[in-house]
Amino acid sequence: MTYRCLLQMVLLLCFSTTSLSMNYSLLRFQQRRSVAVCQKLLRQLPSTPQHCLEVRMDFQVPEEMKQAQQFRKEDAVLVIYEMLQQIFSILTRDFSSTGWSETIVEDLLVELHGQMNRLEPIQKEIMQKKNFTTGDMTVLHLKKYYFNLGQYLKSMEYNSCAWTVVRVQMLMNFSFLKSLTGYLHD
């Protein structure tokens, strides 16, 4: 075994055994910065005319996203991680009709991927310990919400108006993510 492989294994073991005891304040700072970057990138994507708002629909936004709800940091991690995964998945669909810059979307996907990578070890440890309460129900509600978004895009054949409506939803999602990061504290 090479020295480099051994060093990588040691680092991996150290990180995986201390992930929940990591500094949540640092994680909160990183997530807030990243959410702000994602919001900025989303705002740089051009939106289409106002008439597109006529094709809006009720996506059944989970109640947890409509009103402030107290989350434990473990629940917040699960919810944030799920939202990032779902947003990533939606943004990898056909947006060719939008006129959006591929570079901006790629930068957005890279930022989302970085956030997920920071959260994944903690999320896995929480899931192994079953150390959550409200987060698991919220995740189920989120899956239904994002499924509805995906079905909407598909039914509208990924046209630019549908993407405008979804872009507005994503901006709302990042506002919720920003507030959720407040629950990540030591």
Side-chain angles (χ1 to χ4, degrees), residues 11-45 56 58-92 104-105 107-150 152 165-186:
L11 288 174
L12 182 62
L13 283 173
C14 287
F15 187 75
S16 65
T17 59
T18 62
S19 61
L20 268 182
S21 60
M22 76 172 285
N23 183 338
Y24 273 90
S25 295
L26 175 61
L27 181 62
R28 183 177 65 220
F29 172 77
Q30 292 169 333
Q31 289 301 114
R32 280 193 174 154
R33 185 207 58 78
S34 192
V35 164
V37 168
C38 289
Q39 286 175 313
K40 181 181 176 187
L41 288 167
L42 267 176
R43 286 186 184 110
Q44 289 176 5
L45 296 173
R56 288 181 295 179
D58 180 11
F59 295 107
Q60 299 175 357
V61 175
E63 286 300 314
E64 298 89 340
M65 289 176 68
K66 293 180 185 176
Q67 53 187 290
Q69 182 174 339
Q70 185 66 30
F71 282 94
R72 294 178 325 135
K73 62 186 171 189
E74 292 84 3
D75 296 322
V77 166
L78 294 177
V79 170
I80 292 168
Y81 187 79
E82 182 65 30
M83 288 181 73
L84 295 173
Q85 273 190 314
Q86 296 290 338
I87 292 168
F88 186 93
S89 175
I90 285 176
L91 289 172
T92 57
I104 293 174
V105 174
D107 290 348
L108 185 55
L109 291 172
V110 166
E111 194 66 38
L112 290 168
H113 192 263
Q115 289 183 62
M116 289 186 293
N117 281 343
R118 283 190 295 275
L119 289 168
E120 187 174 26
I122 301 166
Q123 182 263 354
K124 284 183 178 178
E125 190 169 335
I126 291 167
M127 293 301 289
Q128 286 174 349
K129 291 182 177 184
K130 304 251 189 276
N131 191 18
F132 49 92
T133 55
T134 59
D136 54 339
M137 284 306 297
T138 303
V139 165
L140 289 174
H141 298 155
L142 286 169
K143 286 182 182 202
K144 181 178 180 185
Y145 166 73
Y146 287 107
F147 176 80
N148 290 340
L149 283 176
Y152 171 76
V165 171
V166 169
R167 179 180 164 269
V168 169
Q169 290 291 307
M170 294 296 156
L171 284 167
M172 181 188 71
N173 286 197
F174 280 108
S175 292
F176 180 65
L177 282 166
K178 186 176 182 180
S179 68
L180 260 182
T181 58
Y183 298 112
L184 302 177
H185 52 80
D186 295 320

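These numbers were taken from a predicted model, which means no experiment stands behind them.
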Can Tyr24 and Ile122 be said to form a side chain to side chain contact (heavy atoms under 4.5 Å, CB included), step by step? CA-CA 10 Å; Tyr24 273 90; Ile122 301 166; 3.6 Å; yes

- prompt: Should Met172 and Val61 be marked as a side chain to side chain contact (heavy atoms under 4.5 Å, CB included) after you check the CA-CA gap, both sets of side-chain angles, and the distance that decides it?
  reply: CA-CA 10 Å; Met172 181 188 71; Val61 175; 3.8 Å; yes

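- Note on ring orientation: taking the six-membered ring where Trp is involved, the planes of Phe59 and Tyr152 are perpendicular (angle over 60°, cut-offs 30° and 60°).
- The nearest pair of heavy atoms linking Leu42 to Arg167 is O-NE, 3.0 Å.
- Atom-to-atom distance recorded for Gln60:CD and Leu149:CG is 11.0 Å, nearest 0.5 angstrom.
- Here the closest heavy-atom approach between residue Ala76 and residue Leu180 is recorded as CB-O, 4.0 Å.
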- request: In sequence, state the C-alpha distance, the side-chain angles, and the governing distance for Asp58 and Asn148, and then conclude on side chain to side chain contact (heavy atoms under 4.5 Å, CB included).
  value: CA-CA 9 Å; Asp58 180 11; Asn148 290 340; over 6 Å; no

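- Inter-residue side-chain proximity for Glu111 and Arg33 is flagged as met; some heavy-atom pair is nearer than 4.5 Å.
- Shown here for Leu41 and Ile104, the closest heavy-atom pair between the two residues is O-CG2, 3.5 Å.
- Using a 4.5 Å cut-off on side-chain heavy atoms (C-beta onward), Ile90 and Met170 make contact.
- The side-chain heavy atoms of Tyr146 and Gln85, taken from C-beta on, include no pair separated by under 4.5 Å.
- Contact check for Ser175 versus Gln39: side-chain heavy atoms found under the 4.5 Å cut-off.
- Note that the CE atom of Met116 and the CG atom of Leu109 stand 8.5 Å from one another [nearest 0.5 Å].
- Heavy atoms only, all atoms of each residue included: Phe176 and Glu64 are closest at CE1-O, 3.1 Å.
- Separation of atoms CG (Asp107) and CG (Leu112) is listed at 11.0 Å; rounding is to 0.5 Å.
- To the nearest 0.5 Å, atom OG of residue Ser34 and atom NE2 of residue His113 are 12.0 Å apart.
- Checking Tyr145 against Gln169 by side-chain atom types alone, a donor-acceptor pair falls below 3.5 Å.
- The heavy-atom pair separating Thr92 from Ser89 by the smallest distance is OG1-O, 2.7 Å.
- Side-chain atoms of Arg56 do not come within 3.5 Å of backbone N or O of Val165 as any donor-acceptor pair.
- Contact of the Val77 side chain with the Tyr183 side chain is not registered, since no non-hydrogen atoms from C-beta on lie closer than 4.5 Å.
- For the pair Thr138 and Glu82, the minimum side-chain heavy-atom distance is 4.5 Å or more.
- Atom OG1 of Thr181 sits about 12.0 Å away from atom CD of Gln30, to the nearest 0.5 Å.
- Rounded to the nearest 0.5 Å, atoms OG (Ser25) and NZ (Lys73) are 8.5 Å apart.
- The side-chain heavy atoms of Met83 and Leu177, taken from C-beta on, include a pair separated by under 4.5 Å.
- No side-chain heavy atom of Gln123 sits less than 4.5 Å from a side-chain heavy atom of Ile80.
- None of Gln115, Arg118, Glu120 except one satisfies the side-chain contact (heavy atoms from CB on, under 4.5 Å) rule with Leu84; the exception is Gln115.
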Q: Let me see the working for Lys143 and Val139 under side chain to side chain contact (heavy atoms under 4.5 Å, CB included), right down to the final yes or no.
A: CA-CA 6 Å; Lys143 286 182 182 202; Val139 165; 3.8 Å; yes

